[in-house]
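Letters A, B, ... mirror the listed sequences (proteins, then strands); counts begin at 1.
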Amino acid sequence: MTQYLCRKPNLDDFDEVYQQIVDMHVGLSEEESQSANAKLIFTLANHIGDPDVIREAAEIARENTLQWRDEVS
Amino acid sequence: MPYVPTQYEPVVPAAVDTGTVDSTTVLVVGAGPIGLACALDLGLRGHSIVLLSQNSRLTDGSRALCYARRPLEILDRLGLGERMVEKGVSWNIGRVFFRDKTDPVYSFDLSPVKDQKLPGMINIQQYYNEEYNIEALEALDNVDIRWGNKLTSLEEADDGIVATIETAKGDYEIQADWLIACDGSSSSIRNMLGLNFDGETFHDNFLIADVKFKKEYPTERHFWFDPPFNPAQSVLLHKQPDDVWRIDFQVGWDIDRDEIVKPENVTLRIQAMFGDDVEFEFEWISLYTFNCRQVDRMVQGRVVLAGDAAHIVSPFGARGANTGFQDTDNLAWKLDLIINGQANGSLLKSYDEERSPAARINILNSTRSTDFITPKSKISRQFRDAVLQLSSTHEFARGFVNSGRLSLPVPYLDSPLNSPDTDEWTGGVAPGTNCTDAPVMCGNKRSWLLNHLGWEFKVLIFSGAGQFTVEQQQELKSLANDDIPVSCIFVSEDALAGETVLTDVQGLAAERYGIGAGGGVYLIRPDQHVAARWRELDSGKIRDAVQRATGN
């Protein structure tokens, strides 16, 4: 299957981006953080503009989460 | 005064007394919008039709209210489109509200797409559509509308069906070569045939109040997510002809169904919405719940299902009657050819092959709207609310807001009736897709392209002057004498004497059909869908494509 999602490291400064994402939540309640995360996802999804990329990214996120569920239990 | 449903005289056919078996070519069961359109389409083609309605009056209430462009184009082919648009209400401005904010989170303008005859959407009460259609049927001698006639049993045979019909004065039997079941979501014919009707029930209720206000309100569509006057639920407000407004409240699953529809209780809801001093009178109150279901096949032997009998969707996005009209549009020309002996019965298979996927996509679309409007989990509500908040300040997020999508036709891109492209095309109308309208001149009269297409196979020829040889032109003319006649519509300076010539004054037809300098040829089915297209004129290829498009 053709892969559309970039699976190689693609950022020059990972620390910068990580901090940006964490800082987005400063001073937000748990519920507001959920909302901010959702808004970030929709904003990036629109920027990416390609449902195949988003589908693959969602698969990675879901599968990895399920793997960790199995390892914990 | 609220609308009083039109009453018709119950019919007791002679067969009730004589005991003889009545007969007809096509028996259409159900006189809702789809049964009526089906009877009109086949009736205008000259076939003998008996149309049964178990009731002898029209439905009460506005019911199927929104008519999208493609169904209007179909009704226009049947001669009802202009009247519908004239009576109907077009709305362009939509506003989306969220929680207690009095300003909309955003507004949109669906300004009419210019240069097509019919608007993208109108609102008009179902009973107007039915009345116009019935008037057209009453003018046809070959159509027999039988009010108060109920089909109670059915026997299938290879060459037709025999049905038992109940009237106020007794039963009779009728033999028909074909039976078309347009008997609605709880179709008894579907049950008699033992067809599966699988899908999903949505555990929610919606309360419709059709009201007339004393005061004027702007002709806009307003949609509220989670407003204070209906917390955690949705409300939709839009306008109908005769200054009637439809208010649609989502009311949840766990309700007292008798209490909620009492006018005094609905009044409280409307006062909460518009203020205690709001003055109005009720036209109609109705409570509904919905399912998304689809029959496993739309054709069984000599019985064909259409409309809600074959598939039901949520009301979001107006896909019920709208998709039903597209069923009969697809069915009528095929059945016409079969009855006339110009195609064999297997052509009907393509009705199922084209319309079943369309029903699936309609269900998908309406389910997506439903999931946005009524989120089923905490996380989906969080996402929904996040999108609504984001859309108030960022236009890019508004595309995610789904308060019901405009119903668009589903093209038959994978249909076996299509002849796939062999030439290079950029844009235009791909095989299996419904034709796009365009303004044209016919002689010195303003006209519309779609009004020249449909009813039979047509070749739409775009060409410059002197492009075709005399032999090619003679070959084209001979297509009209084939078993399945094909007539020519020229968008050209190079037409044959006696053929329809259209002038593409604004160049929009050429643009919409992807016509470059070299011209182009489209073969158009009787339902205004493209069967094939070529860059070069070749009557041999046209004949092959007609054969393919008719299953021959």
Might you confirm whether atom [atom1] of [X] has over 12 heavy atoms from other residues, nucleotides or ligands at distances under 6.0 Å?
{"X": "A:Asn64", "atom1": "CG", "result": "yes"}
{"X": "A:Arg62", "atom1": "CZ", "result": "no"}
{"X": "B:Arg368", "atom1": "CZ", "result": "no"}
{"X": "B:Lys101", "atom1": "NZ", "result": "no"}
{"X": "A:Asp23", "atom1": "CG", "result": "yes"}
{"X": "B:Asp414", "atom1": "CG", "result": "no"}

Rounded to the nearest 0.5 Å, how far does [atom2] of [Y] lie from [atom1] of [X]?
{"X": "B:Leu390", "Y": "A:Ile41", "atom1": "CG", "atom2": "CD1", "answer": "12.0 Å"}
{"X": "A:Lys39", "Y": "B:Phe383", "atom1": "NZ", "atom2": "CZ", "answer": "12.0 Å"}
{"X": "B:Lys378", "Y": "A:Glu31", "atom1": "NZ", "atom2": "CD", "answer": "6.5 Å"}
{"X": "B:Arg398", "Y": "A:Asn46", "atom1": "CZ", "atom2": "CG", "answer": "12.5 Å"}

*Check whether B:Phe396 gets within reach of chain A through its side chain, its backbone, both or neither, counting any heavy atom under 4.5 Å.*
both
*Would A:Ser35 and B:Gln382 satisfy side-chain contact (heavy atoms from CB on, under 4.5 Å), going step by step from the backbone distance to the final call?*
CA-CA 6 Å; A:Ser35 174; B:Gln382 281 169 342; over 6 Å; no
_Please verify the inter-ring angle class for A:Phe42 with B:Phe400; under 30° counts as parallel, over 60° as perpendicular, anything in between as tilted._
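Correct class here is tilted.
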